[in-house]
Amino acid sequence: MSTFGKGCHLHLIDGSAFIFRAYHALPPLTRKSDGLPIGAVSGFCNMLQRYVDGDHGPDAPTHLAVIFDKGSHTFRNDLYDLYKANREAMPEDLRPQIPLTRQATEAFNIPCKELEGYEADDIIATLAHQARDAGGRVTIVSSDKDLMQLVGDGVEMFDAMKNKRIDRDGVFEKFGVFPDRVVDVQALAGDSVDNVPGAPGIGVKTAALLINEFGSLEELLDRAEEIKQPKRRQTLIDMRAQIELSKRLVALDANTPLDFTLDELELRDPDPEKLLGFLAEMEFRTLTKRIADKLGAEAPVIPEAPAPAAQAEDAPAPEQVAFDPANYECVRDAAALAKWIAQARERGWVAVDTETTSLDEMRAELVGISLAVEPGAACYIPLGHRDGDANDLFGSDKLAEGQMPLQEALDLLKPVLEDDAILKIGQNMKYDAKIFARHGIDVTPIDDTMLMSYAMHGGKHGHGMDALSEMYLGHVPIPIKPLLGSGKSAITFDKVAIADATAYAAEDADITLRLWQLFKPQLHRVQVTTVYETLERPLVPVLAEMEMHGVKVDRDVLSRMSNAFAQKMAGLEAEIHELAGEPFNVGSPAQVGEILFDKMSLPGGTRGKTGKYSTPADVLEDLATEHEMPARILDWRQLQKLKSTYTDALQGHINPETGRVHTSYSITGANTGRLASTDPNLQNIPVRTEEGRRIREAFVAEPGNVMVSLDYSQIELRILAHIADIPALKQAFADGLDIHAMTASEMFDVPLDQMTPEIRRRAKAINFGVIYGISGFGLARNLRIPRAEAQEFIDRYFQRFPGIRTYMDDTIAFAKEHGYVQTLFGRKIHTPEINAKGPHAGFARRAAINAPIQGTAADVIRRAMVRMPGAIRDLPAKMLLQVHDELLFEVAEDAVDATIAAARDVMEGAADPAVRLDVKLVVDAGRGANWAEAH
DNA sequence: GACATCACG
DNA sequence: GACGTACGTGATGTCC
C-alpha cells in the first residue's frame with residue numbers, strides 16, 4: 001500500500017446527491033418477491049457501476065469514497081435552529097432505501113463514510129484539504145453549489161449529470177467570484193433551499209458585485225457606510241449579525257474529526273461473490289448479469305418469484321439511449337419526411353412539437369415542426385426560417401435555403417395528425433394544437449406529458465419540460481436563451497440558424513417521447529388514469545376552441561373610461577399633494593408610508609421585510625375613518641388599478657385580426673385543479689365595486705347575440721356539506737335556504753326572521769373561513785373583532801357542526817400519512833410541506849384543508865366544460881370564458897333560452913355519474929348585451 | 001427581479 | 001409556549 005501523495009487522485013462521491021438523482025430518475029420500482037421499494041437503490045447501483053467503469057482519462061481515480069450525511073442535527077442547527085427547516089420530508093418509499101445504498105456501496109467495495117453531527121459536505125471538505133495538502137488531486141462528484149468553495153489548487157468538481165468538470169472558472173461563472181470568496185457571496189445572498197437567511201433583497205449578482213468591489217465580506221461590512229445605494233447600505237448595517245451568522249452556516253468545516261486516513265480510500269476491486277450476492281438479493285437481473293460478465297464470474301440465479309401484483313417489475317429500460325444532437329435529422333424534402341411518417345404509422349405514435357415566432361398562439365407563425373418516434377430518433381422539419389442577416393435590409397426577410405414549402409409539409413402531415421390510429425404526443429399540446437388548427441389541422445388523438453405529470457405529481461413541482469427532463473430523465477435540455485438572446489437584441493425563432501434549431505427542436509420532441517414512455521405506465525400505478533383521461537386531457541380541445549374564439553371587447557368603451565380615470569386621478573393627486581404639503585409619488589407605497597407615518601405621525605405604521613412601511617388597503621381604511629389623506633390615497637389606488645390593469649392594458653390585448661381578446665388558460669397552473677388565465681387574465685375582471693363592474697360593459701356580444709352567464713351557487717359550501725357530512729348544512733341546501741343566514745341562526749340562536757345583516761355577515765365570514773382552514777387570528781382580522789371573540793365564534797361553530805372538525809383533523813392526518821390529499825373525483829394534490837417544522841406547517845395544513853373542497857369544485861366545472869361542446873353542438877352558442885364557478889357564453893338572441901336550459905343541465909349534473917353528491921348543485925343564469933348585464 | 005399591492009373566485 | 005396565519009390565482013408599478 002502506498003502513501004497518499006503526489007500523483008494520487010482522490011474522487012469523492014456525494015452520496016445523497018446520487019440517491020436523490022436515482023430516486024427521481026426512475027419509476028417507483030419494487031422488489032418482485034416482497035414489494036420492497038428499490039428504484040433508488042437500482043439507480044444508485046447503476047450510477048456507481050457506470051462511474052467506476054467509466055473512462056476518466058487523465059482524471060482517473062486512484063482513491064475513491066462515497067460520503068453520506070448522517071443524522072439530521074448538526075452544529076449548524078445549534079447556530080441557527082431554522083437551518084434547513086423548510087426541507088421537505090423524505091418520501092415514504094425512499095426512506096427504507098437509504099440503508100440499502102450504504103450496503104450497495106460496501107458491496108462495490110468502495111469506502112462508505114459518514115459522521116454523526118456533520119454533513120457530508122464537511123467530510124468532503126476535510127478530505128479535500130488533506131488530499132490537497134498531501135500534494136494530490138481531488139475530484140468532488142457533485143454539482144452542489146455549497147461545495148464550490150472547495151475548488152482550486154488541484155480540487156475540481158465533476159457534474160455527473162452534465163458530464164462536465166467544474167474548475168475555478170466554472171465557479172466564477174456561477175457565483176461571479178472565485179472559490180475563495182464563494183462563502184462571502186453565499187453569506188450575503190442566503191439560500192432559500194437550506195434556509196440560510198443572508199441579507200434581504202440581495203441576490204447572488206449583487207453580492208458578487210459588492211464582494212468584488214470591497215475585496216471581502218469583512219471589509220464590506222466594516223466599510224458599509226461607503227455603499228452608495230441608501231437601502232443597500234442600511235440593510236448591510238442593520239443585518240450585520242444575520243449576515244455573519246449566514247457565513248458560519250455556509251462555510252464548510254474542513255476539520256471534522258475523521259477516524260480513517262486517505263490511504264484507506266485506495267481504489268480496490270470488488271469481491272465478486274459479495275457484490276453479486278447483494279445485487280441478486282435486490283433482484284436486479286440486468287445489472288447482476290452485466291457485472292457478472294465483466295468480472296468473469298457466474299451470475300447467481302435469481303429465483304423467479306411469482307409476481308404478487310402485475311405492477312411489480314424489473315427496471316423497464318435502465319439502458320438509456322444517450323442524448324446526442326448528431327443523431328437528429330434535419331428533414332428538407334418530401335422523401336425524407338415520408339420516411340418519418342412511415343415510422344409513425346408503423347408504431348402508432350409520434351411525439352410532435354412546433355416552433356413558432358411567438359408564445360401567443362393567435363399571432364405565432366409556424367417556423368418548424370419536430371417529430372420523435374423512439375428515444376434518440378427525432379427530426380426537425382424547418383419550414384419558415386429566414387436568413388437572419390440584420391445588416392442586409394433586402395435579404396433579411398427571405399426564406400432560408402433548404403426548406404420544403406410549408407404547405408407541402410402540412411399536406412403530408414395532416415393525414416397523420418388527424419389519424420385516429422396514430423397517437424400524437426406533446427408537451428403542452430394545447431399550444432401546438434392551436435397552431436395546427438390555424439392551418440386547418442385538427443390534431444387527434446393526443447397525449448400530453450405536461451398533463452400526465454400534473455395528474456401524477458400535482459403540488460410537488462412544476463410541469464415544464466425543462467424541469468421534467470432534468471428530474472425524470474436526468475438530462476438538462478439545450479436552453480433556448482442562447483439561441484434567441486434576450487432584451488432588445490432578442491430574435492424570433494425564424495431567425496435561428498437551421499442547424500441550431502434542429503439540435504434544439506428535435507431534442508424537445510425526443511424528450512417529450514421519453515417522458516411519455518416513462519409516464520404512461522406510471523399513470524395507473526399512481527391511480528390517476530381516470531383523472532388524466534376525464535379531467536385533464538379532454539380539456540385541451542375545449543380550451544383551445546374557447547381561446548381561439550375569444551371574447552369581443554369594445555375598445556371605445558375602455559378608452560373613454562381610461563380618459564375619465566386619468567382626469568379623476570389628476571385631481572386626487574393634486575389634492576393628496578396639497579394635504580401632504582409636498583409633492584411625492586402616490587404610487588410608491590414606501591413614500592406613502594413615510595408621509596403618513598413619519599411626517600403626519602399617524603398610528604399603525606408597520607414595516608415589511610425590506611424595512612419599508614407597509615400600507616395595504618385595510619390599514620389605510622382604518623386610518624380613513626379619521627383622516628382625509630388615506631381615504632384619497634385609497635381612491636387614487638383604485639383608479640390606478642382599474643386604469644393600468646384593465647382599461648389601458650386590455651386594449652393592447654385586442655387582436656387586430658379578430659377584434660377580440662384571446663386569453664390563454666393554463667391547465668396545470670393551479671395546484672388544486674383550477675384553471676389559471678393569463679395574457680390577459682380574464683378571471684379577475686372587476687365586479688365587486690360599481691366603478692370596477694362597469695369595465696365588464698366593454699365585454700360585449702356581436703350584433704344579434706347576447707352574453708349569457710351561468711354560475712354555480714355556493715358550490716364550495718355545498719361540497720363542504722357533502723364531504724364533511726354536515727346534516728344541518730345539507731338540509732339547508734335541500735330547503736333552498738339562505739345558507740349564511742341559516743348558519744348565523746344556528747350559531748347565534750337568532751331566529752331567521754329576526755336576522756340582521758351584521759350577524760349574517762359574521763356567519764358568512766366564518767363559512768368562508770372554514771373553507772380556507774380557519775384560524776382565530778385570520779377571522780379576527782377579517783371581521784375586525786378581537787381575537788378572543790373570533791376564537792369563540794369558531795369554537796361555537798365547531799360545536800354546532802362537529803363534522804367540520806372531524807373533516808379537518810382527518811384531512812390533515814391523511815396528508816401527513818400520504819403526502820397528498822384528494823378530491824371526490826380522485827385528483828391528488830400533493831402537500832410536500834405538511835410534515836415540515838416552522839411556519840410552513842401552518843400554511844400547508846390550511847392548504848390541505850382547502851384543497852379537496854376547492855379542487856372538487858374545480859373538477860366539477862371541468863367535467864361540465866368537457867361535456868358542454870356536445871350539449872350545445874346544435875345551438876348557435878359559443879362558450880367563451882371560465883371564471884372558476886362561472887361559464888360565459890355568446891349566444892344568438894333566439895337561442896338564449898335553449899342554451900341556458902342545455903348548459904344548466906350539464907352544469908347541475910356535472911358530478912354524475914362518477915360521484916353521487918348528497919347536495920344538489922344549483923346554477924344561476926343571467927343574460928344581457930354585455931358581461932355586466934349577464935352576470 | 002423582488003416586493004408590495006390589489007383584481008377575481 | 002411562541003410563531004405567524006384565512007385558500008387559490010395574475011398583473012402592475014416601484015425600486016434596486
Side-chain angles (χ1 to χ4, degrees), chain A residues 82 200-206 209 227-233 235 459 585-593 607-620 633-634 637-638 640-646 648-650 653 663-666 669-689 692-693 695-696 711-712 714-716 765-766 768-783 787 790 794 829 837-855 857-858 861 882-886 935:
Chain A
L82 290 178
I202 293 185
V204 169
K205 284 250 169 70
T206 312
L209 209 72
I227 297 169
K228 290 167 206 78
Q229 299 86 343
K231 286 288 168 301
R232 201 177 280 177
R233 182 193 323 129
T235 301
N585 187 348
V586 187
S588 164
Q591 292 181 33
V592 167
R607 293 179 187 272
K609 60 183 284 190
T610 45
K612 289 193 268 268
Y613 278 118
S614 172
T615 63
D618 54 346
V619 171
L620 264 49
I633 291 173
L634 282 169
R637 274 191 188 168
Q638 196 204 358
Q640 156 77 12
K641 184 77 174 187
L642 295 178
K643 182 171 187 293
S644 68
T645 310
Y646 301 105
D648 285 352
L650 224 38
H653 282 288
T663 184
S664 178
Y665 287 104
S666 163
N671 286 335
T672 52
R674 275 194 177 178
L675 301 178
S677 157
T678 63
D679 309 302
N681 181 356
L682 295 185
Q683 291 183 319
N684 70 346
I685 303 301
V687 71
R688 291 175 186 172
T689 65
R693 186 158 47 234
I695 291 171
R696 295 191 175 212
D711 69 287
Y712 284 107
Q714 308 285 9
I715 187 168
E716 293 195 349
I766 298 171
F768 278 105
V770 166
I771 291 171
Y772 298 153
I774 199 158
S775 76
F777 184 94
L779 183 65
R781 202 161 66 104
N782 189 285
L783 285 177
R787 197 175 152 177
I794 294 170
I829 297 131
K837 292 265 169 280
H840 308 81
F843 282 111
R845 285 214 322 272
R846 291 190 296 272
I849 290 168
N850 173 259
I853 304 168
Q854 187 182 121
I861 197 164
Q882 187 251 45
V883 193
H884 309 309
D885 63 359
E886 173 189 5
H935 186 78

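Every chain is numbered from 1 and lettered A, B, ... according to where its sequence line falls, protein lines coming before strand lines.
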Distance between [atom1] atoms of [N] and [M] (Å, rounded):
| N | M | atom1 | answer |
| --- | --- | --- | --- |
| C/dT5 | B/dC3 | P | 15 Å |
| B/dT5 | C/dC3 | C1' | 25 Å |
| C/dG4 | B/dA4 | P | 15 Å |

Report which part of the nucleic acid [X] touches: base, sugar-phosphate, or nothing (heavy-atom distance under 4.0 Å, all strands).
| X | result |
| --- | --- |
| A/S775 | base |
| A/A851 | nothing |
| A/I774 | base |
| A/R787 | base |
| A/G769 | base |
| A/F843 | sugar-phosphate |

[atom2] on [Y] to [atom1] on [X], rounded to 0.5 Å:
| X | Y | atom1 | atom2 | answer |
| --- | --- | --- | --- | --- |
| A/T672 | A/N850 | OG1 | CG | 7.5 Å |
| A/L682 | A/L650 | CG | CG | 6.5 Å |
| A/E886 | A/I715 | CD | CD1 | 13.0 Å |
| A/F777 | A/N782 | CZ | CG | 11.5 Å |
| A/L779 | A/I774 | CG | CD1 | 5.0 Å |

(request) Hey, which sits more toward the 5' end of DNA chain C by its nearest nucleotide, A/A676 or A/N585? (result) A/A676

(request) Flag this pair as yes if the NZ/CZ of A/R846 is under 6.0 angstrom from the six-membered ring centre of A/F843 and inside a 45 degree cone about the axis; otherwise no. (result) yes

(message) Take a 6.0 Å sphere around CZ of A/R845 and say whether it holds more than 12 heavy atoms from other residues, nucleotides or ligands.
(response) no

(request) On DNA chain C, reading 5' to 3', which nucleotide is the first and which the last to sit with an atom under 4.0 Å from a heavy atom of chain A, could you check? (result) C/dG4 to C/dC16

(request) Using the test side chain to side chain donor-acceptor pair (under 3.5 Å), find all partners of A/T235 that sit at least two apart in sequence or belong to another chain. (result) none

(message) How would you summarise protein contacts on nucleotides 4-9 of chain B per nucleotide, using B for base, S for sugar-phosphate only and - for none, with heavy-atom distances below 4.0 Å?
(response) SSBBBB

(message) In dot-bracket form, 5' to 3', how is DNA chain C paired? Count Watson-Crick and G-U wobble pairs only if both distances fall under 3.5 Å, and write | where the partner sits on another strand.
(response) ......|||||||||.

(request) Answer with yes or no whether the side chains of A/Q854 and A/H884 bring together a donor and an acceptor at under 3.5 Å. (result) no

(request) Just jot down the ring-ring contact (aromatic ring centres under 6.0 Å, His included) partners of A/Y613, sequence neighbours excluded, or say none. (result) A/F597

(message) List the residues meeting side-chain contact (heavy atoms from CB on, under 4.5 Å) with A/K643, not counting sequence neighbours, and say none if there are none.
(response) A/S562, A/F565, A/A566, A/M569, A/T647, A/D648

